[in-house]
Chemist: 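One structure is given below, represented as structure tokens, and several questions about it will come after.
Computation of the quantities below employed the complete heavy-atom set of this structure, encompassing side-chain atoms and omitting hydrogens, waters and symmetry-equivalent molecules. In this text, all values refer to a predicted model and were calculated from it rather than measured experimentally.
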Amino acid sequence: YQRECIQLMIREVQRLERILSTLIDYNKPEPVKPESLDPNRLIEQVLHLNEEQFDEKELTLEVDLGDEMGEVFLDPARFQHVIRNLVANAIEASPRGGVIRVETGVFVPSTKAQETGSLESDTYFEMKIRNRGPVIPPDEIEKIFDPFFSTKDHGSGLGLTLSKKIVEEHHGSVGVKSDSAGTVFSVWIPLAHGRHDDAAGPQAKMTVGSG
């Protein structure tokens with residue numbers, strides 16, 4: 001019994017350390033330091049690091065990484081944090097034996113999206129991470145990126161909030177959709193730094209649908 005209590009205390013201390021670390025990351029005014037890089041390599045690294053977690057839940061991983069976008073301007077450490085959070089979220093939400101799908105490509109927003117200002121660049125790097133877990137109710141979807149809101153029994157509720165903050169620091173956008181087909185988190189990072197008149201970044205070679 002004493003050994004179980006000690007193990008429980010250790011787990012709680014580790015949990016509190018993770019919460020504290022997330023709080024520090026969330027409040028730390030660290031500027032984004034973008035580099036021209038291939039985001040698919042970052043995704044592959046994170047998926048490799050999570051192989052044990054995939055195996056533990058007997059999850060099937062479907063990966064479709066497009067090679068049309070070339071290099072994207074990203075802060076490698078901070079954007080990898082986004083990938084880690086979204087992959088961890090997908091693993092936790094997935095039932096045992098479920099499927100997680102990760103895909104990337106180039107997204108060209110509709111004219112309507114550009115006119116409303118919700119997406120301001122002509123072309124975006126798009127990353128989607130989908131799980132087949134339970135449907136998230138609309139009222140929870142509305143609050144899912146709010147600080148300290150969580151649908152789980154553990155954690156700080158800051159993982160998705162921090163991910164959204166990092167994406168927005170890259171002049172990008174993040175969204176979530178949940179229905180009977182599963183839950184998908186989508187991340188869009190402008191290939192032209194978020195403005196029509198910016199020349200930096202490669203041009204898109206194809207259009208990938210957002211559905």
Chemist: Linking I/L/V/M/F/W/Y whenever any side-chain heavy atoms sit under 4.5 Å apart, do F185 and V63 land together?
Modeler: yes
Chemist: S186 side chain to G175 main-chain N or O, any donor-acceptor pair under 3.5 Å?
Modeler: no
Chemist: Under 4.5 Å between side-chain heavy atoms, counting indirect links through other Ile/Leu/Val/Met/Phe/Trp/Tyr residues: same cluster for V99 and I91 or not?
Modeler: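 Unlinked, V99 and I91 end up in two clusters.
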Chemist: Roughly how far, to the nearest 0.5 Å, is the CD1 atom of I144 from the CG atom of L160?
Modeler: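 It comes to 5.5 Å.
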Chemist: Apply side chain to side chain contact (heavy atoms under 4.5 Å, CB included) to residues T104 and F125 and explain how you reach the verdict.
Modeler: CA-CA 7 Å; T104 63; F125 160 71; 3.7 Å; yes
Chemist: Any idea which heavy atoms bring P134 and A93 closest together, and the distance?
Modeler: CD-O, 3.5 Å
Chemist: If you round to the nearest 0.5 Å, how far is CZ of R41 from CG of L65?
Modeler: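 Going from CG on L65 over to CZ on R41, the span is 7.0 Å.
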Chemist: Kindly say whether F145 contributes a backbone atom to a donor-acceptor pair with the side chain of T161 at under 3.5 angstrom?
Modeler: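 Yes: the side chain of T161 pairs with the backbone of F145.
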Chemist: About how many Å separate OG1 of T183 and CD1 of I141, when rounded to the nearest 0.5 Å?
Modeler: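 If we round to the nearest 0.5 Å, I141:CD1 and T183:OG1 are 6.0 Å apart.
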Chemist: Can you find a pair of side-chain heavy atoms, one from H170 and one from V32, that are under 4.5 Å apart?
Modeler: yes
Chemist: Might you point out which heavy atoms bring N40 and G66 nearest each other, and give the distance in Å?
Modeler: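 So the minimum-distance heavy-atom pair works out to ND2-O, 2.7 Å.
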Chemist: Between N85 (side chain) and G159 (backbone), is there a donor-acceptor pair under 3.5 Å?
Modeler: yes
Chemist: So do the side chains of L59 and L61 get within less than 4.5 Å of each other, counting heavy atoms only?
Modeler: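 Sidechains of L61 and L59: no contact.
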Chemist: Please name all residues satisfying side chain to side chain donor-acceptor pair (under 3.5 Å) with S36, sequence neighbours left out, ordered by chain then number.
Modeler: E71
Chemist: To the nearest 0.5 Å, tell me how far T60 OG1 sits from F54 CZ.
Modeler: 10.5 Å
Chemist: For K33, is there any backbone N or O sitting under 3.5 Å from a side-chain donor or acceptor partner on D75?
Modeler: yes
Chemist: If you round to the nearest 0.5 Å, how far is CD1 of I166 from CZ of R78?
Modeler: 5.0 Å
Chemist: Name the residue from L74, I43, L37, V72 that meets the side chain to side chain contact (heavy atoms under 4.5 Å, CB included) definition with F79.
Modeler: L74
Chemist: Do V87 and I136 belong together in a cluster built from hydrophobic side chains that touch within less than 4.5 Å?
Modeler: yes
Chemist: Do H48 and E51 have side-chain N/O donor and acceptor atoms under 3.5 Å apart?
Modeler: yes
Chemist: Could you note down all residue pairs passing salt bridge (Lys or Arg N to Asp or Glu O under 4.0 Å) where residues 54-66 supplies at least one of them, sequence neighbours left out?
Modeler: E62-R101, D64-R101
Chemist: Between H81 and R84, is any side-chain donor less than 3.5 angstrom from a side-chain acceptor?
Modeler: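 On atom types as modelled, these side chains qualify, holding a pair under 3.5 Å.
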Chemist: Quick one: are M127 and I83 in side-chain contact, heavy atoms under 4.5 Å?
Modeler: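 Result yes, sub-4.5 Å side-chain heavy-atom pair found.
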Chemist: With hydrophobic residues grouped by side-chain heavy-atom distances under 4.5 Å, do V184 and V174 end up in a single group?
Modeler: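 Result: no, two separate clusters.
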Chemist: Of the non-hydrogen atoms in Q53 and L49, which two are nearest, and what is the gap between them?
Modeler: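 So the two residues come closest at OE1-O, 3.8 Å.
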Chemist: Side chain of S94, backbone of G133: donor and acceptor closer than 3.5 Å?
Modeler: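 Looks like no, no N/O pair under 3.5 Å.
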Chemist: When rounded to the nearest 0.5 angstrom, what distance separates CH2 in W188 from CZ in F107?
Modeler: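 If we round to the nearest 0.5 Å, W188:CH2 and F107:CZ are 6.5 Å apart.
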